[in-house]
Amino acid sequence: MTATAPQIRVKPRRGWTASQIVLTALGVAVSAVFLSPLVWALFTSLKSETEAVASPTHWLPENWTGQAWSAIFETGNITNWFVNSVVVSVCVTAVVVLTSALAGYGFARTEFRGKGVLMGLVMAGLMVSPAVLGVPLFTTVQQMGMVDTYWGMILPQCAHASMVYILYKFFQGIPRELEEAAFIDGAGRWRVFFTIVLPLSRPSLAAVGIFTFIGSWNNFLWPYMVTNNPDLMTMPNGIATVMNSYGIQWAQLMAGGLMAGLPLIIVFVFFQRQIVAGVAHTGLAGQ
């Protein structure tokens, strides 16, 4: 007797519904709108300066050249600016994540006199524009002798009321029973915070860290105010200085902008899952 091979039933592939087609087309259209400036900047950076300002404009270069990319390296200290941006952004992110987690947990889990007033001050910080604080912050930094230093660029960026509020709302959603069980077992407040609360808060901490890093990397105003030393300039300030010194060279401007935005694109590509999970866990989408 010969054994017959079992028959595998293949389910027929279901066709797309009308709603799926409409949503896909809408997603492609929205993606094209958001990607078109990046594509335009890339093509413009591969043009000559004469062709970049030619009228009428056209998308694809007639003569492909990397002159703008080589010129931006020759006229500016790109490597030094990149290192400065990395140092400032990483330090700001680390301090903001730690201090915001401590402050948010303190507001969410401890009771002390004046808690409502302090929370009101934090909430008031959400309504104050950073530009308004520029002059008093610069005066304070100048009196402390931190102008043209890394500390002068880092410390004033480390107080984020929005990040404290995000983590405060997340910590409120953690079941208190987990902490009470640890307290019964003899764990102290600090041990509970570092061994129970923080591991449960990884999505929110990741979102806060990514948002802080992006904001610090893109910060132009404060490093511009507190730094006059070309060796301490960050990427946005350094590229703006080159453009101001040599006039508006549009191909170089696009090349520099792409170079400054490349780390943020990499961060989003590799950490988009953490960004979405952090927004979902913190409830930021509904704020």
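All residue numbers refer to positions in the sequence shown, counting from 1.
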A.B. asks: Check for me, please, whether Leu258 and Leu60 land in the same ILVMFWY cluster - side-chain distances under 4.5 Å, paths through other members count.
C.D. replies: yes
A.B. asks: Honestly curious: do Val96 and Val128 fall in one hydrophobic cluster under the side-chain, below-4.5 Å linking rule?
C.D. replies: yes
A.B. asks: Decide yes or no for Leu198 and Tyr105: does some side-chain heavy atom of the first lie under 4.5 Å from some side-chain heavy atom of the second?
C.D. replies: no
A.B. asks: Between Thr234 and Asn237, do the side chains contain an N or O donor and an N or O acceptor separated by less than 3.5 Å?
C.D. replies: yes
A.B. asks: Given the side-chain rings of Trp217 and Phe82, with only the six-membered ring counted for Trp, is the space between their centroids under 6.0 Å?
C.D. replies: yes
A.B. asks: Any side-chain heavy-atom pair from Arg109 and Arg189 closer than 4.5 angstrom?
C.D. replies: yes
A.B. asks: For the residue pair Leu232 and Asp148, what are the closest heavy atoms and their distance?
C.D. replies: CD1-O, 2.9 Å
A.B. asks: Would you tell me whether Glu51 and Asn63 have side-chain atoms, one donor and one acceptor, within less than 3.5 Å of each other?
C.D. replies: no
A.B. asks: May I ask you to check whether Ser45 and Trp69 show a side-chain donor-acceptor distance below 3.5 Å?
C.D. replies: yes
A.B. asks: Under 4.5 Å between side-chain heavy atoms, counting indirect links through other Ile/Leu/Val/Met/Phe/Trp/Tyr residues: same cluster for Ile266 and Val90 or not?
C.D. replies: yes
A.B. asks: Using 30° and 60° as the class limits, which term best fits the ring planes of Phe43 and Trp64: parallel, tilted or perpendicular?
C.D. replies: perpendicular
A.B. asks: May I ask you to check whether Tyr150 and Asn84 show a side-chain donor-acceptor distance below 3.5 Å?
C.D. replies: yes
A.B. asks: With the side chain counted from C-beta on, respond yes when Pro223 and Ser85 share a heavy-atom pair under 4.5 Å apart, and no when they do not.
C.D. replies: no
A.B. asks: Quick check for you: to the nearest 0.5 Å, what is the distance between Ile265 atom CD1 and Leu38 atom CG?
C.D. replies: 5.0 Å
A.B. asks: Group every Ile, Leu, Val, Met, Phe, Trp and Tyr by side-chain heavy-atom contacts under 4.5 Å, then state whether Met119 and Met127 land in the same group.
C.D. replies: no
A.B. asks: Does a side chain donor of either Ser48 or Thr50 reach within less than 3.5 Å of an acceptor in the other side chain?
C.D. replies: no
A.B. asks: How many angstroms lie between atom OG of Ser204 and atom CG of Leu167, to the nearest 0.5 angstrom?
C.D. replies: 6.5 Å
A.B. asks: For Trp190, does the CH2 atom sit with more than 12 other heavy atoms under 6.0 Å from it, leaving out its own atoms?
C.D. replies: no
A.B. asks: Determine, stepwise, if the pair Thr65 / Leu46 fulfils side-chain contact (heavy atoms from CB on, under 4.5 Å).
C.D. replies: CA-CA 5 Å; Thr65 177; Leu46 297 175; over 6 Å; no
A.B. asks: Suppose the criterion is salt bridge (charged side-chain N to carboxylate O under 4.0 Å, His left out): which pairs have a residue in residues 86-101, not counting sequence neighbours?
C.D. replies: none
A.B. asks: So if you build clusters from Ile, Leu, Val, Met, Phe, Trp, Tyr with side-chain heavy-atom gaps below 4.5 Å, do Val95 and Val208 land together?
C.D. replies: no
A.B. asks: Taking Ala187's backbone N and O only, do any of them form a donor-acceptor pair with Asp185's side chain (distance below 3.5 Å, no angle check)?
C.D. replies: no
A.B. asks: Is the shortest side-chain heavy-atom distance between Leu205 and Phe170 below 4.5 Å?
C.D. replies: no
A.B. asks: Please test Val122 against Leu118 for side-chain contact (heavy atoms from CB on, under 4.5 Å), starting from the C-alpha separation and ending with a verdict.
C.D. replies: CA-CA 6 Å; Val122 173; Leu118 288 178; 5.7 Å; no
A.B. asks: Atom CE of Met153 and atom SG of Cys91: how far apart are they, to the nearest 0.5 Å?
C.D. replies: 10.0 Å
A.B. asks: For Thr227 and Tyr224, indicate whether the former's side chain and the latter's backbone hold a donor-acceptor pair under 3.5 Å.
C.D. replies: no
A.B. asks: How far does OG of Ser216 sit from CD1 of Ile214, to the nearest 0.5 angstrom?
C.D. replies: 11.0 Å
A.B. asks: According to ring-ring contact (aromatic ring centres under 6.0 Å, His included), who are the partners of Tyr168, at least two apart in sequence or on a separate chain?
C.D. replies: none
A.B. asks: Please confirm whether Lys47 makes a cation-pi placement over Trp40, using NZ or CZ under 6.0 Å from the six-membered ring centre and within 45° of the ring normal.
C.D. replies: yes
A.B. asks: For Trp151, which residues count as a ring-ring contact (aromatic ring centres under 6.0 Å, His included) partner, sequence neighbours excluded?
C.D. replies: none
A.B. asks: Measure from the side-chain N and O atoms of Glu179 to the backbone N and O of Arg176, and report whether any donor-acceptor pair falls under 3.5 Å.
C.D. replies: no
A.B. asks: CE/Met235 to CG/Leu262 distance, rounded to the nearest 0.5 angstrom?
C.D. replies: 9.0 Å
A.B. asks: Say whether, by atom type as modelled, one donor and one acceptor occur between the side chain of Ser100 and the main chain of Val97 under 3.5 angstrom.
C.D. replies: no
A.B. asks: Is there a side-chain contact between Val164 and Thr99 (heavy atoms, below 4.5 Å)?
C.D. replies: no
A.B. asks: How far does CD1 of Ile184 sit from CD of Glu177, to the nearest 0.5 angstrom?
C.D. replies: 10.5 Å
